[in-house]
Visitor: 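A single structure is presented below for examination.
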Amino acid sequence: MIGSATSINYIPIFIFIVISLVFGIGTLVISYFVQVRIDDPEKLSTYECGSEPISDARNPFPARYYIIAMLFVIFDVEVAFLYPWAVVFDKIGLFGLIEMIVFIALFLVAYVYAWKKGGLEWD
Amino acid sequence: MDLIIQIVVIVVHIAVVLGVVLTHVAYLTYAERKILSDMQDRLGPMEVGPHGLLQPLADGLKLFFKEDIIPAGANKIIFSAAPILVLVPALIGFAVVPFGRDSFFIGSIEFTPYITDINIGLLYVLAFSSIGAYGILLGGWASNSKYALLGGLRSAAQVISYELPLGLALVGPVLLSGSLSMKTMTEAQGGGFWHWYVITQPVAFVIYMICAIAETNRLPFDMPEAESELVAGFFTEYSGMRFSFFFLAEYANMILVSCVAVVAFLGGWQAPLAALDFIPPIFWFLAKVYFLLFFYIWLRATVPRLRFDQLMAFGWKIMLPLALVNVLLTSIVKYFLN
């Protein structure tokens with residue numbers, strides 16, 4: 001248990017990230033030099049069912065996506081609080097259990113509010 | 001000198017895991033095509049090698065030599081970086097997965113059956129797997145194509161929506177084992193299949209599996225790349241090696257979520273009965289992962305695609321409350337049993 005708590009165990013992860021990056025970038029670079037490249041304006045135009053692309057693709061998009069993203073940020077932070085609690089659950093006893101029930105109740109208030117306000121609807 | 005040996009050992013570990021994972025990715029595409037074709041009463045790939053066994057190699061080589069097209073009007077830097085941003089998180093999640101029980105020794109050098117064991121293993125996997133969503137969103141946006149933009153948006157919305165119940169479902173096993181380390185979690189499930197958390201946490205297991213399928217954008221949750229509506233979704237404009245990176249990442253993610261499911265719910269490398277302990281632990285681990293992967297492909301052949309509003313409603317209105325209730329009930333029951 002002590003072994004898995006020391007920061008030395010994170011060094012392999014760092015090396016792994018570096019190796020994965022080198023693998024990804026290296027493959028792309030080598031592939032760039034062995035491929036045939038013939039530029040053609042028709043080929044470079046974006047796909048739109050075979051016809052000429054109409055207008056720019058950077059259009060406004062529904063605000064629904066933005067609301068979902070905000071709800072996610074709020075709720076995900078709350079979920080992140082559950083992990084340390086779950087790990088030490090045996091040590092904190094009844095106090096910890098009641099605390100978490102209160103916490104989840106607050107979570108539910110926000111959830112019900114978002115639902116009633118139509119934040120979860122998709123039309 | 002000691003330090004150099006340690007680093008070499010780490011690099012060997014990583015090379016082995018990376019090699020095994022990439023081979024599995026390649027043959028998972030083959031397995032998927034073969035299983036699908038069997039279920040649909042066709043032959044599937046047969047031309048390259050006996051029974052098409054060399055097909056993944058041929059596909060890989062072809063994609064490697066294909067031209068990488070960057071569409072006109074695309075944001076070049078983001079367009080090129082997005083596939084790497086998707087691929088790297090999918091690969092490094094494997095750093096904490098315990099594949100077996102026993103270390104093996106060459107001289108006095110120990111080779112553990114995992115790359116590293118950190119006390120926040122599960123959290124690490126979850127944290128890095130969410131980074132992949134950025135790659136998908138950025139790739140879709142940078143393509144300057146309407147299909148890609150829609151696919152990227154849908155995918156990001158879907159991935160973050162199902163991340164919540166997924167995280168909540170995993171709180172169950174964490175509560176029971178009292179640890180986030182994937183090694184400790186596996187060890188806590190020893191002594192027969194009735195100790196596996198799938199028995200005590202069946203609801204969490206079902207929630208986890210459904211969310212995992214949604215997280216990896218697989219059918220029936222493949223809205224982001226719905227071929228019949230969005231051409232190919234966020235990677236419509238990608239070609240060559242960059243295109244294959246999105247594919248690699250998708251299949252690597254499938255294997256990763258299966259590994260996490262096996263560790264958190266199916267007892268990792270533990271044998272189902274003590275009498276079967278003579279079979280090496282790694283065999284049990286692989287058997288369970290293969291079963292889940294088969295289940296994935298089976299599902300693809302069986303169920304139709306959902307509509308996007310149905311998908312969002314299902315995630316937010318059914319899975320999230322259900323996962324919360326599961327966490328509450330688990331903690332209350334655990335408290336009173338102690």
Side-chain angles (χ1 to χ4, degrees), chain A residues 1 3-5 9-13 15-17 19-21 23-25 27-28 31-32 34-38 41 43-48 53 56-59 61 64-65 68-69 71-72 75-76 79-80 82-83 86-90 93-94 97 100-101 104 107-108 111 115 120 122-123, chain B residues 10-11 13-14 18 64-69 71-73 84 87-88 91-92 95 115-119 123 143-147 149 153 156-157 160-161 163-164 167-168 171 174-175 178-181 183 231 236-237 240-242 245 308-309 312-313 316-317 324 327-328 331-332 334-335 338:
Chain A
M1 215 42 228
S4 67
N9 290 34
Y10 292 87
I11 294 172
I13 290 177
I15 299 176
F16 201 172
I17 293 175
I19 290 180
S20 309
L21 276 175
F23 167 75
I25 297 169
T27 313
L28 283 188
S31 156
Y32 180 86
V34 295
Q35 54 190 241
V36 185
R37 308 190 72 81
I38 304 161
K43 186 165 73 182
L44 293 181
S45 79
T46 50
Y47 179 76
E48 215 166 293
D56 195 62
R58 308 258 153 77
N59 285 329
F61 54 83
R64 294 271 164 221
Y65 290 105
I68 289 290
L71 286 176
F72 165 74
F75 289 143
D76 204 36
V79 172
L82 287 171
Y83 282 101
V87 171
V88 295
F89 184 75
D90 286 334
L94 188 62
L97 180 64
M100 196 41 74
I101 290 173
I104 291 178
F107 181 105
L108 283 176
Y111 176 71
W115 190 333
L120 308 182
W122 203 278
D123 42 27
Chain B
I10 292 170
V11 171
H13 263 113
I14 293 169
L18 210 55
F64 188 73
F65 289 106
K66 280 268 175 178
E67 181 177 350
D68 267 341
I69 299 167
I84 293 172
L87 180 69
V88 171
L91 292 179
I92 59 176
I115 291 178
T116 182
D117 174 36
I118 54 176
N119 57 358
L123 204 57
S143 303
N144 193 27
S145 160
K146 294 180 185 84
Y147 293 113
L149 179 72
L153 281 173
I160 62 178
S161 295
E163 184 124 346
L164 291 173
L168 282 170
V171 172
V174 175
L175 260 172
S179 172
L180 281 165
S181 153
K183 185 165 168 265
V231 191
T236 302
E237 297 298 334
M241 215 52 211
R242 293 198 189 97
F245 275 12
F308 196 67
D309 59 325
M312 298 304 278
W316 283 94
K317 295 179 180 172
L324 260 180
V327 170
L328 266 181
S331 60
I332 292 170
K334 193 192 176 197
Y335 179 77
N338 280 359

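Convention: sequence-line order gives letters A, B, ...; per-chain numbering from 1. In this text, all values refer to a predicted model and were calculated from it rather than measured experimentally.
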Visitor: Do any N or O atoms from the side chain of A/N9 and from the backbone of B/I118 form a donor-acceptor pair under 3.5 angstrom?
Guide: no

Visitor: Name the region of A/I17, side chain, backbone, both or neither, that has any atom closer than 4.5 Å to a heavy atom of chain B.
Guide: both

Visitor: Would you mind checking which part of B/I160 comes under 4.5 Å of any heavy atom in chain A, side chain (CB onward), backbone (N, CA, C, O), both or neither?
Guide: both

Visitor: Quick one, B/L164 and A/D76 - any side-chain contact, counting heavy atoms below 4.5 Å?
Guide: yes

Visitor: Hey, does A/M100 have a side-chain heavy atom less than 4.5 Å from the side chain of B/L328?
Guide: no

Visitor: Report yes if some heavy atom in the side chain of B/T116 is under 4.5 Å from a heavy atom in the side chain of A/F16; otherwise report no.
Guide: no

Visitor: Among B/L180, B/L153, B/V171, which residue forms the greatest number of heavy-atom pairs with chain A at distances under 4.5 Å?
Guide: B/L153

Visitor: With a 4.5 angstrom heavy-atom cut-off, which part of A/L94 approaches chain B: side chain, backbone, both or neither?
Guide: both

Visitor: With rounding to the nearest 0.5 Å, note down the distance linking CD1 in B/I92 to OG in A/S20.
Guide: 6.0 Å

Visitor: Where on A/I101 is there a heavy atom nearer than 4.5 Å to chain B: the side chain, the backbone, both, or neither?
Guide: both

Visitor: Which heavy atom of B/L175 sits nearest to which heavy atom of B/K334, and what is that distance?
Guide: O-NZ, 2.9 Å

Visitor: Against chain A, label B/M312 side chain, backbone, both or neither, depending on which of its atoms sit under 4.5 Å from a heavy atom there.
Guide: side chain

Visitor: Among the options B/V11, B/L324, B/V327, B/L123, pick out the one with the most heavy-atom pairs lying under 4.5 Å from chain A.
Guide: B/L324

Visitor: Heavy-atom cut-off 4.5 Å, strictly under: side chain, backbone, both or neither for A/I68 against chain B?
Guide: both

Visitor: Please name all residues satisfying side chain to side chain contact (heavy atoms under 4.5 Å, CB included) with A/V34, sequence neighbours left out, ordered by chain then number.
Guide: B/F64, B/F65

Visitor: List for me each residue that meets side chain to side chain donor-acceptor pair (under 3.5 Å) alongside B/K66, sequence neighbours excluded, and say none if there are none.
Guide: none

Visitor: Select, from A/I25, A/I11, A/V88, A/L28, the one with the greatest count of heavy-atom pairs under 4.5 Å involving chain B.
Guide: A/L28

Visitor: Heavy-atom distances under 4.5 Å only: say whether B/L18 touches chain A with side chain, backbone, both or neither.
Guide: side chain

Visitor: If I measure from the heavy atoms of chain B, does A/Y65 come under 4.5 Å with its side chain, its backbone, both, or neither?
Guide: side chain

Visitor: So which atom in B/D68 and which in A/Q35 form the shortest heavy-atom distance, rounded to 0.1 Å?
Guide: N-OE1, 2.8 Å

Visitor: Chain A heavy atoms under 4.5 Å from B/I69: which part of the residue, side chain, backbone, both or neither?
Guide: side chain

Visitor: Select one option (side chain, backbone, both, neither) describing which atoms of A/F89 are under 4.5 Å from chain B's heavy atoms.
Guide: side chain

Visitor: What pair of heavy atoms forms the shortest contact from B/V174 to A/V87, and how long is it?
Guide: CG1-CG2, 3.8 Å

Visitor: Considering only heavy atoms, which portion of B/I115 lies under 4.5 Å from any heavy atom of chain A: side chain, backbone, both, or neither?
Guide: both

Visitor: Could you have a look at B/A157, B/G167, B/S143, B/A313 and say which one has the most heavy-atom pairs with chain A under 4.5 angstrom?
Guide: B/G167

Visitor: Just give me the residue among A/F23, A/F107, A/Y111 that pairs up with chain B most often, heavy atom to heavy atom, under 4.5 Å.
Guide: A/Y111

Visitor: With only heavy atoms counted, which part of B/I10 is less than 4.5 Å from chain A, the side chain, the backbone, both or neither?
Guide: side chain

Visitor: Please classify the contact of B/L87 with chain A as side chain, backbone, both or neither, using a heavy-atom distance under 4.5 Å.
Guide: side chain

Visitor: Got A/L21 and B/I84 here, is their nearest side-chain heavy-atom distance under 4.5 Å?
Guide: yes

